[in-house]
2 protein chains.
Amino acid sequence: MLSYTEENYLKAIYHLSNAGERLVSTNELAETMQTKPASVTDMAKKLSAKNLIAYEKYYGVNLLKSGKQEALQIIRKHRLWETFLVDKLGFTWDEVHEVAEQLEHIQSGLLIEKLDKFLEYPTVDPHGHPIPDPSGKIKEVKQIPLAEFPVYKKCTIRAVKNGSPSFLQYLSKIGIYIDASVSIVDKVEFDGSLEVSIDNKKRVFISREAAQNLMVTG
Amino acid sequence: MLSYTEENYLKAIYHLSNAGERLVSTNELAETMQTKPASVTDMAKKLSAKNLIAYEKYYGVNLLKSGKQEALQIIRKHRLWETFLVDKLGFTWDEVHEVAEQLEHIQSGLLIEKLDKFLEYPTVDPHGHPIPDPSGKIKEVKQIPLAEFPVYKKCTIRAVKNGSPSFLQYLSKIGIYIDASVSIVDKVEFDGSLEVSIDNKKRVFISREAAQNLMVTG
DNA sequence: ATTATTTTTTAGATTAATCTAAACTTTTAT
DNA sequence: ATAAAAGTTTAGATTAATCTAAAAAATAAT
Ligand SMILES: [Mn+2]
Ligand SMILES: [Mn+2]
Ligand SMILES: [Mn+2]
Ligand SMILES: [Mn+2]
């Protein structure tokens, strides 16, 4: 069985490698794990010895099949718990991540099975992120940043890319939420900022930066 | 903040000392913590240094006010989670303890507050054990073992004393549950075993041992 | 009141996760 | 191509939680 720390490393590698697509450097990993590169090297050796990651000295790490599978299970738990916290307990979407960071480590297959059922098998979490199924499979949907969507055309907010509490709070404040129907009504050439219509009811100005962190489908 | 291990020690001391009533010996504590006396001594020193317990060398430990308060908060969380698992997720009462042992360590005041509300402020857990209120207060109710209750008189099952999965499964199997209305219809002088009527519908024989672990009110 | 037994503590190791500082390798710049 | 800079690893400590074996104290038995 994996330790709390090992699980967190696998999850971080999963995200940083973009689901296993590319190598992750020691420094990158140290940054996200809020630790020192020397500690990362130690852990890289340990996870490598357990055949969870591929580690090449001086070049970086990436997930092996079993490591990826473990990471996906932790992400599944994380996102199911976030969904529970929002849908059942009335948390706001900016409050859940920190708590889910703890809950994702609870070890009980039965618990996750029953939680999934209780939530009626959700496919996305409160941030629009897909929830891996019991076998770790993720249903990918093609989404693009609002910043790259054509003007005047309607689209639906599907997910946030950056899920930081401050960004989420800002979105709530200006009235943007998952599944909102929006369209770009004006695009400022100068700085790329947008005027966005939400549900044909309300208009707000958002920065290019913000628009790049809002994922939409047509 | 307390470590996972420190929390478990405080909880164990709480239970073994009967809520702080009497001293707990090193060996006792080692037994329930599934560890060696030498380790207990180390932890006793640490918790004592943090002013959570009173520790007198060679004589034992007991909770100080702050240690008792910490223990009660952990017990509150444990019992709220057990209630959640049974009432909302459909766990059986013999499946919940192990999972609650993990969940009780999740650190989030907001989570417990919201969970409590979601469960509609329960006062007892699935085993009939009282849930401390947010300030740690427990509503004590006078209960006696079924073994000591007068024959022919009706009483209500309120709690189990021993909550081991095998005992709980046995009780389910013979039809005994929390809030069941029972009466002793026969008492065997020889071994103290009882014939019990459940809800005026069903009769079962139980050992004196079992009857001593069923707490009832008249 | 000694002696024997039981209980508890201390001393010294071990393992996981972390750190700092020094050494080493790779990458970038001249 | 060499030197400088950046990134990574190694060596050696540290802290929390644990252990075994030996020493010490308390309790029980003669
Ligand atoms: Mn999250
Ligand atoms: Mn999320
Ligand atoms: Mn329990
Ligand atoms: Mn219980």
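What you are looking at is a predicted structure, and each value in this text was computed from that prediction instead of being measured. What's counted below: heavy atoms across the whole structure, side chains too, no hydrogens, waters or symmetry copies. A, B, ... follow the sequence lines: proteins, then strands. Residue 1 opens every chain.
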Inset, instruction - Check the angle between the aromatic planes of B:F118 and A:F84 and answer parallel, tilted or perpendicular using the 30° and 60° thresholds. - result: perpendicular
Legend entry - Nucleotide nearest B:Y58 (side chain, heavy atoms from C-beta), chosen from D:dA26, C:dT18, D:dT8: D:dA26
Inset, instruction - Compare the minimum distances between each of C:dC19, D:dT8, D:dA26 and the side chain of A:N27, then state the nucleotide with the smallest one. - result: D:dT8
Inset, instruction - Counting heavy atoms from C-beta on, name the nucleotide in D:dT18, D:dT20, C:dC19 closest to the side chain of B:Y9. - result: D:dT18
Legend entry - Nucleotide nearest A:T41 (side chain, heavy atoms from C-beta), chosen from D:dT10, D:dA26, D:dC19: D:dT10
Legend entry - Spacing between B:K36 atom NZ and D:dA16 atom P, to the nearest angstrom: 23 Å
Inset, instruction - For D:dC19, take OP1 and OP2 only and decide whether either is under 4.0 Å from a side-chain N or O of B:T35. - result: yes
Inset, instruction - Measure up the A:W81 and B:W81 rings against each other and bin them: parallel (under 30°), tilted (30 to 60°), perpendicular (over 60°). - result: perpendicular
Inset, instruction - Provide, to the nearest angstrom, the distance between the CG atom belonging to A:L23 and the P atom belonging to C:dT26. - result: 14 Å
Legend entry - Nearest-neighbour nucleotide for the B:D42 side chain, C:dT18, C:dT8, D:dC19 considered: D:dC19
Inset, instruction - Whole angstrom is fine here: how far is it from CD in A:E56 over to P in D:dT9? - result: 11 Å
Legend entry - 5′-ward residue of the pair A:K57/A:Y4 relative to DNA chain C: A:Y4
Inset, instruction - Can you figure out which of C:dT8, C:dT10, C:dT20 approaches the side chain of B:K45 most closely? - result: C:dT10
Inset, instruction - Would you indicate what A:S39 reaches in the nucleic acid, counting non-hydrogen atoms under 4.0 angstrom: base, sugar-phosphate, or nothing? - result: base
Inset, instruction - Establish, for the pair B:K114 and A:F91, whether the NZ or CZ atom is under 6.0 angstrom from the six-membered ring centre and no further than 45 degrees off its axis. - result: yes
Legend entry - Aromatic ring proximity A:Y4/B:Y4, centre distance under 6.0 Å: no
